[in-house]
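For reference, the structure is listed below as structure tokens.
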2 protein chains.
Amino acid sequence: MPEYPFDSTSALPAEAIAAAWRRELPGVPTSSIGVITPLWRVAKALADDRRRTLDRLGVDPGTLDLLSTLRRSGDPWTLTTRELAAQTLVTAGAISQRVARAERSGLVERAPSPVSRRAVAVTLTPAGHRLVEGVVGGLLAHEEGLVSALDPAERELLSSLLRRLAASVAGDGREDG
Amino acid sequence: MPEYPFDSTSALPAEAIAAAWRRELPGVPTSSIGVITPLWRVAKALADDRRRTLDRLGVDPGTLDLLSTLRRSGDPWTLTTRELAAQTLVTAGAISQRVARAERSGLVERAPSPVSRRAVAVTLTPAGHRLVEGVVGGLLAHEEGLVSALDPAERELLSSLLRRLAASVAGDGREDG
DNA sequence: TAGCCTACGTTTAGGCCTAAACATAGCGGA
DNA sequence: TCCGCTATGTTTAGGCCTAAACGTAGGCTA
């Protein structure tokens with residue numbers, strides 16, 4: 001049996017963590033804990049769930065992210081390293097490694113870009129097409145089930161709160177120099 | 001200059017991703033994308049921000065999580081590997097590695113547990129105390145600023161939606177066997 | 001045509017994680 | 001007392017990431 005990490009429902013409630021800090025180090029500001037802790041727990045639970053689901057389907061999350069981005073981009077299913085990095089939110093170095101892994105597995109091919117001679121064009125192979133097309137529908141259907149605990153109005157509300165928070169975090173923390 | 005990943009605000013909106021799937025593979029269910037995509041983007045933005053903040057303070061996120069959990073537990077600042085795994089939501093193997101790293105840095109010590117002979121008691125050293133106490137206040141103050149884009153009522157709402165979602169994800173995805 | 005700058009990719013070092021295989025410790029029954 | 005089962009930790013293989021160093025391409029200018 002695989003060794004699962006503990007799940008978020010059995011973890012200490014965020015409010016207990018905040019209370020412990022106030023008891024141990026009076027004066028530390030604890031109000032962010034109530035939102036950041038549940039956020040990370042959900043994100044981790046979703047990531048764990050996706051990793052296990054994809055494991056059963058024979059692909060890893062980084063590779064599926066790569067194949068999905070190419071597949072979604074439409075005919076001719078080709079993007080440069082730079083475009084892939086921008087759409088998947090990881091560094092160019094990470095893309096380089098993902099592409100190398102996927103290329104070893106025969107899922108994508110690298111070729112000099114027709115547009116710019118220093119760019120590299122990454123293209124889905126037939127095997128890559130088959131894999132992503134065979135997996136994406138099932139994955140999305142599964143995740144649809146996970147979020148169905150919230151009704152459509154609640155999902156919209158959650159989504160909009162998250163987008164506002166994202167704007168705040170991205171705006172801060174970066175713009176010094 | 002470090003190579004930053006692209007930030008979430010410049011990324012493709014979740015709705016554009018869903019529309020691309022509907023165009024490319026009609027029939028795939030796309031309604032989960034609107035909530036899962038923003039959720040992961042915020043989580044990643046927060047994780048990136050925390051990593052960089054802690055980097056300036058000379059500690060890594062995994063180590064701070066370990067030291068914080070011990071510090072919060074109160075006198076005598078000792079927990080077993082198992083308790084640490086339960087509270088930090090990572091596997092026992094990950095805890096073992098974190099503790100080994102922190103021990104090499106002189107921040108914690110391992111000793112046989114007085115309670116059970118097969119348990120290992122992990123305790124904060126004076127250097128560990130100094131580090132966590134010197135860092136936690138600043139980190140929480142910084143993150144307080146990040147979430148201040150939402151007013152208290154909105155934070156409470158977000159928090160409660162996230163907790164409901166966490167319960168759904170943890171309940172599903174695991175209980176087969 | 002050399003010098004410089006920027007854009008684009010890749011590689012490497014090292015942190016971090018999970019899953020799985022291993023070890024050991026204690027418990028409990030036959 | 002031997003066997004088996006469970007609890008607890010550690011180790012290893014391998015995925016995944018960032019930061020930083022490194023190549024190399026093209027453009028621009030003197």
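Computed from heavy atoms alone, side chains included, the values below leave out hydrogens, waters and symmetry copies. What you see is a predicted model, and the numbers here were worked out from it, not measured in a lab. Reminder, nothing fancy here: chain letters follow the sequence lines and each chain counts from 1.
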In terms of side-chain heavy atoms of A:Gln97, which of C:dT11, C:dG9, D:dT12 is nearest?
C:dT11
Phosphate contact (C:dT18 OP1 or OP2) by A:Lys44 side-chain N/O below 4.0 Å:
yes
Starting at the 5' end of DNA chain C and moving along, which residue's nearest nucleotide shows up first, B:Arg98 or A:Ala94?
A:Ala94
If you check every side-chain atom of B:Arg110, which of C:dT10, D:dT10, C:dC17 has the closest atom?
D:dT10
Length of the CD1-P vector between B:Ile95 and C:dC17, whole Å
8 Å
Check this for me: does any side-chain nitrogen of one of B:Arg51 and B:Asp55 sit under 4.0 Å from a carboxylate oxygen of the other?
no
Nearest-Å distance, CG (A:Leu64) to P (D:dC16)?
11 Å
I need the CG-P distance between B:Leu84 and D:dT10, as an integer number of Å.
11 Å
The side chain of A:Arg51 is closest to which nucleotide in this list: C:dT18, D:dC16, C:dC16?
C:dT18
Report all interatomic pairs (protein N or O, nucleotide N or O of nucleotides 21-25 of chain C) with separations under 3.5 Å.
residue, atom, partner, partner atom, Å
C:dA25, N3, B:Arg118, NH1, 3.4

Among C:dT10, D:dA19, D:dG15, the one nearest any side-chain atom of B:Arg52 is D:dA19
Hey, what do you get for CZ (A:Arg155) to OG (B:Ser32), rounding to the nearest 0.5 Å?
8.5 Å
To the nearest Å, how far apart are A:Asp55 CG and D:dA13 P?
19 Å
Rounded to whole Å, please give me the gap between CZ in B:Arg82 and P in D:dT10.
11 Å
Can you tell me how far C1' of D:dA7 sits from CD of B:Glu83, to the nearest Å?
13 Å
Taking side chain to side chain contact (heavy atoms under 4.5 Å, CB included) as the test, write out the residues that go with A:Asp60, two or more places apart.
A:Thr63
Enumerate, atom names and distances included, each donor-acceptor pair closer than 3.5 Å involving a side-chain atom of residues 12-22 of chain B, sequence neighbours excluded.
residue, atom, partner, partner atom, Å
B:Glu15, OE2, B:Arg22, NH2, 2.8
B:Arg22, NH1, B:Thr30, OG1, 2.8

5' precedence on DNA chain C between A:Ala100 and B:Ala92 (nearest-nucleotide basis)
A:Ala100
In whole angstroms, how far is the P atom of D:dT11 from the CZ atom of B:Arg101?
13 Å
A:Val90 side chain: which of D:dC17, D:dT10, D:dC16 is closest?
D:dC17
Could I get the full list of side-chain hydrogen bond (donor to acceptor under 3.5 Å, both in side chains) partners for B:Thr125, not counting sequence neighbours?
none
Could you tell me whether A:Arg72 and A:Glu83 have a side-chain N and a carboxylate O separated by less than 4.0 Å?
no
Send over the distance from B:Leu66 CG to C:dC16 P, rounded to a whole Å.
11 Å
Using a 4.0 Å heavy-atom cut-off across all strands, classify A:Gly93 as base, sugar-phosphate, or nothing.
base
Which residues pass the side-chain hydrogen bond (donor to acceptor under 3.5 Å, both in side chains) test with A:Ser148, not counting sequence neighbours?
none
Indicate, with a heavy-atom threshold strictly under 4.0 Å, whether A:Thr81 touches base, sugar-phosphate, or nothing.
sugar-phosphate
If you look only at distance, which donor and acceptor atoms sit under 3.5 Å apart when one is on a side chain in residues 129-136 of chain B and the other is two or more places apart or in another chain?
residue, atom, partner, partner atom, Å
B:His129, ND1, B:Glu133, OE2, 2.8
B:Glu133, OE2, B:Arg71, NE, 2.6

Scan B:Thr91 against the nucleic acid and name what it touches under 4.0 Å (heavy atoms): base, sugar-phosphate only, or nothing.
base
If you look at every strand shown and take non-hydrogen atoms under 4.0 Å, does A:Ala119 touch a base, only sugar-phosphate, or nothing?
sugar-phosphate
